[in-house]
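Computed from a predicted model, the values in this text were never measured in an experiment.
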Amino acid sequence: QVQLAESGGGSVQAGGSLKLSCAVSGNTLSRRCMGWFRQAPGNEREGVAAIFTSRNNTAYAASVQGRFTISQDNARNMLYLQMNSLKPEDTAMYSCAADPCWGIWTATLNKDHYRYWGQGTQVTVSS
C-alpha cells in the first residue's frame, strides 16, 4: 500500500513559479513509477510528468516540456514538481500518483498505469 499527500498548490500570476510536493509512504517496490497528473474542470485527467524511480528516468507532456521538472528525494520520501513560466492553461487540480509498474521499465504518463493517488492540490494561474 502507498499513501500520497500533496502540498504546495496556490494562486500565481502568469509567468510565475510554484513547487508542488508529494509526501510518499509505503514499500518502495510499490512505487517504482511515480507521476504528476492534472485535471481541469470539464477535462480528462492528463499526465504532466513522470519518473521511473529506480532509474531516475523521466517523461513530460509536450505542453510542459522545458517548464516543469519532476524530481525525487528518496531520503525524505518526497516527490516534487517544479513549475516555472506558468500559464493560465496550467490551472488545474494536480495529483501525484504511484504504482509498482510491474513489466514497465520506464516513466509513464498513462494514468491507467497508476493505482495509488493523492487527494490533489489546486493550482490557479491568472493572466
Open item on the list: Once rounded to the nearest 0.5 Å, what's the spacing between atom CG of Leu109 and atom CD of Glu46?
Closed with: 9.5 Å
Task: Among Arg76, Met78, Arg31, the one residue meeting side chain to side chain contact (heavy atoms under 4.5 Å, CB included) with Val24 - done: Arg31
Open item on the list: Students often mix this up, so state it plainly: with edges at 30° and 60°, are the rings of Phe52 and Trp105 parallel, tilted or perpendicular?
Closed with: tilted
TODO: Taking the side chain as every heavy atom from C-beta outward, state whether Tyr60 and Thr69 have any atom pair closer than 4.5 Å.
DONE: yes
Task: Exercise: identify the closest heavy-atom pair between Ala40 and Ala92 - done: N-CB, 3.9 Å
TODO: Would you give the length of the straight line joining atom OH of Tyr114 to atom OG1 of Thr108, rounded to the nearest 0.5 angstrom?
DONE: 5.0 Å
- [ ] Check Ser95 against Gly120 and note the closest heavy-atom contact, atom names and distance.
- [x] OG-CA, 3.6 Å
Task: Distance (rounded to the nearest 0.5 Å) between His113 NE2 and Ile104 CD1 - done: 4.0 Å
Open item on the list: Looking at every non-hydrogen atom in both residues, tell me the closest pair between Gly47 and Ala61 and how far apart they are.
Closed with: O-CB, 3.4 Å
Task: In one Ile/Leu/Val/Met/Phe/Trp/Tyr side-chain cluster, 4.5 Å: Phe37, Tyr80 - done: no
Open item on the list: Whether the side chain of Glu6 engages the backbone of Leu20 through a donor-acceptor N/O pair (distance < 3.5 Å, no angle test) should be reported.
Closed with: no
- [ ] Check whether the ring centres of Phe68 and Trp36 lie less than 6.0 Å apart, and answer yes or no.
- [x] no
Open item on the list: Quick one, Thr28 and Asn74 - any side-chain contact, counting heavy atoms below 4.5 Å?
Closed with: no
Open item on the list: Rounded to the nearest 0.5 Å, what separates atom SG in Cys22 from atom CG in Asp73?
Closed with: 12.5 Å
- [ ] Would you check if the side chain of Asp99 reaches a backbone N or O of Arg115 as a donor-acceptor pair within less than 3.5 Å?
- [x] yes
Open item on the list: Given Arg67, which partner from the list Lys87, Met83, Gln82 fulfils the side chain to side chain contact (heavy atoms under 4.5 Å, CB included) test?
Closed with: Lys87
Task: Nearest atoms (heavy-atom pairs only) where Arg45 meets Gln39 - done: N-NE2, 3.8 Å
TODO: Pick out which of Thr124, Thr91, Leu86 makes a side chain to side chain contact (heavy atoms under 4.5 Å, CB included) with Val12.
DONE: Leu86
TODO: Carefully, step by step, assess Asp90 and Arg38 under the rule side-chain contact (heavy atoms from CB on, under 4.5 Å).
DONE: CA-CA 9 Å; Asp90 294 319; Arg38 68 186 181 187; 2.9 Å; yes
Task: From Leu4 atom CG to Cys96 atom SG, the distance as rounded to the nearest 0.5 Å - done: 4.5 Å
Open item on the list: Tell me whether Gln3 at atom CD has more than 12 heavy atoms from other residues, nucleotides or ligands lying less than 6.0 Å away.
Closed with: no
TODO: Starting at OG of Ser71, measure out to CG of Leu79 and round the result to the nearest 0.5 Å.
DONE: 7.0 Å
Task: Check: Thr58 side chain, Ile51 main-chain N or O, donor-acceptor pair, under 3.5 Å - done: no
Task: Val125 to Gln13 - nearest heavy-atom pair and separation - done: CG1-C, 4.0 Å
Open item on the list: Could you report the tightest heavy-atom contact between Ala14 and Pro88, atom names first, then the distance?
Closed with: CB-CD, 4.1 Å
